Amino acid sequence: QLQLVESGGGLVQPGGSLRLSCAASGFTLDYYAIGWFRQAPGKEREGVSCISNSGGSTNYADSVKGRFTISRDNAKNMVYLQMNSLEPEDTATYYCAAKFYPATLRDMCSRRGSAYVYWGQGTQVTVSS
């Protein structure tokens, strides 16, 4: 059974850091691009970042560029989102999602949520003093 599980969320003060993890089970991540998304109450879902199968391509929303870093360890079947300089506006539930790409498209990824089929349950991030 294909499953994604996020972890690492919590309460942090403005300016602080968190590292989110996305663990995959039931399948290998080698052929999947991973996206991180977030949704705050009353707001639309936002594509925060994505990373290609190979890890060679990444993409970030302007709102997090320069503060967040996405990475992956295919050997461990894990993807990470390092979040620095956190702001209250980053408060949201964060989700990881997986999209299959064939090897010929190993350097592609998308921040469009509609492109993704497999989703985790989410982890809450709260930035507050």
Side-chain angles (χ1 to χ4, degrees):
Q1 182 178 355
L2 193 150
Q3 191 174 14
L4 296 170
V5 178
E6 303 92 340
S7 62
L11 173 64
V12 64
Q13 293 186 342
S17 298
L18 283 175
R19 187 197 198 201
L20 303 185
S21 298
C22 175
S25 62
F27 70 109
T28 176
L29 282 180
D30 289 14
Y31 291 98
Y32 288 82
I34 300 295
W36 280 101
F37 299 83
R38 66 185 181 185
Q39 189 164 22
K43 293 188 177 181
E44 292 188 356
R45 182 177 60 197
E46 178 185 18
V48 174
S49 181
C50 68
I51 187 166
S52 62
N53 300 11
S54 67
S57 294
T58 58
N59 191 275
Y60 297 92
D62 287 343
S63 58
V64 306
K65 204 170 291 184
R67 300 187 298 123
F68 290 12
T69 303
I70 191 170
S71 62
R72 64 190 296 155
D73 186 339
N74 285 356
K76 295 182 178 180
N77 241 21
M78 298 286 294
V79 177
Y80 307 98
L81 186 68
Q82 178 67 42
M83 307 187 296
N84 299 329
S85 303
L86 283 162
E87 304 167 352
E89 294 73 24
D90 295 316
T91 296
T93 300
Y94 284 71
Y95 302 88
C96 64
K99 174 179 168 56
F100 174 82
Y101 280 102
T104 52
L105 298 176
R106 65 197 305 265
D107 289 323
M108 289 190 64
C109 74
S110 171
R111 286 192 293 109
R112 289 186 302 110
S114 59
Y116 289 81
V117 175
Y118 305 107
W119 290 80
Q121 294 299 307
T123 185
Q124 176 67 36
V125 172
T126 303
V127 185
S128 175
S129 55

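Everything numeric in this text was worked out from a predicted model, so none of it was measured.
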Check whether the side chains of Glu46 and Ser63 place a donor and an acceptor atom closer than 3.5 Å, and report yes or no. yes
Just wondering, do Leu20 and Glu6 contact through their side chains at under 4.5 Å, heavy atoms? no
What distance separates Phe100 CZ from Leu29 CG, expressed to the nearest 0.5 Å? 12.5 Å
Do the side chains of Val117 and Leu2 join up, straight or via other hydrophobic residues, at under 4.5 Å, putting them in one cluster? yes
Quick one: are Thr28 and Asn74 in side-chain contact, heavy atoms under 4.5 Å? no
Find out if a path of hydrophobic residues (ILVMFWY) with successive side-chain heavy-atom gaps under 4.5 Å connects Ile51 to Met108. no
Closest heavy-atom pair, Ser21 versus Met78, reported as atoms and distance to 0.1 Å, is CB-CE, 3.7 Å
Report yes if the side chains of Asp107 and Ser57 come closer than 4.5 Å at any heavy-atom pair, otherwise no. yes
Gap separating the OG atom of Ser25 from the CG atom of Asn77, nearest 0.5 angstrom: 8.0 Å
Short side-chain to backbone donor-acceptor contact, Arg67 and Ser85, under 3.5 Å: yes
Near Arg112 CZ, under 6.0 Å, is it more than 12 heavy atoms from other residues, nucleotides or ligands? no
If you compare all heavy atoms of Thr123 against all heavy atoms of Gly9, which two are closest, and at what distance to 0.1 Å? OG1-N, 3.2 Å
Only one of Val12, Leu18, Leu11 passes side chain to side chain contact (heavy atoms under 4.5 Å, CB included) with Thr126; say which it is. Leu11
Could you tell me which non-hydrogen atom of Ser52 sits nearest to which non-hydrogen atom of Cys109, and how far apart they are? N-CB, 3.9 Å
Could you measure the distance from the CD1 atom of Ile70 to the CD atom of Gln82? Nearest 0.5 Å is fine. 12.0 Å
Just so I know, are the side chains of Val125 and Arg38 near enough to count as touching, which here means a heavy-atom distance under 4.5 Å? no
Please name the pair of heavy atoms, one in Ser129 and one in Pro14, separated by the smallest distance, quoted to 0.1 Å. N-CD, 3.7 Å
Mind checking the OG-NZ spacing from Ser49 to Lys65? Nearest 0.5 Å is all I need. 10.0 Å
Could you tell me if the side chain of Cys96 sits less than 4.5 Å from the side chain of Val79, heavy atoms only? no
What pairs with Phe37 under ring pair (Phe, Tyr, Trp, His ring centres under 6.0 Å), at least two apart in sequence or on another chain? Tyr116, Trp119
Shared hydrophobic cluster, Tyr101 / Tyr118 (ILVMFWY, side-chain heavy atoms < 4.5 Å): no
Please lay out, stage by stage, how Tyr31 and Leu105 fare under the test side chain to side chain contact (heavy atoms under 4.5 Å, CB included). CA-CA 9 Å; Tyr31 291 98; Leu105 298 176; over 6 Å; no
Under 4.5 Å between side-chain heavy atoms, hopping through other hydrophobics if needed: is there a path connecting Ile34 to Leu81? yes
Rounded distance (nearest 0.5 Å) linking atom OG of Ser128 with atom CG of Asp90: 12.5 Å
What is the minimum heavy-atom distance between Ala24 and Leu4, and which atoms define it? CB-CD2, 3.8 Å
To the nearest 0.5 Å, atom CE of Met83 lies from atom OG of Ser17 at 8.5 Å
Parallel, tilted or perpendicular, as decided by the 30° and 60° cut-offs, for the rings of Tyr32 and Phe27: perpendicular
Testing Trp36, Tyr80, Tyr94 one by one against Cys22 for a side chain to side chain contact (heavy atoms under 4.5 Å, CB included), which residue passes? Trp36
Specify the closest pair of heavy atoms between Ala92 and Gln124, including all atoms of both residues, with the distance to one decimal. O-NE2, 3.5 Å
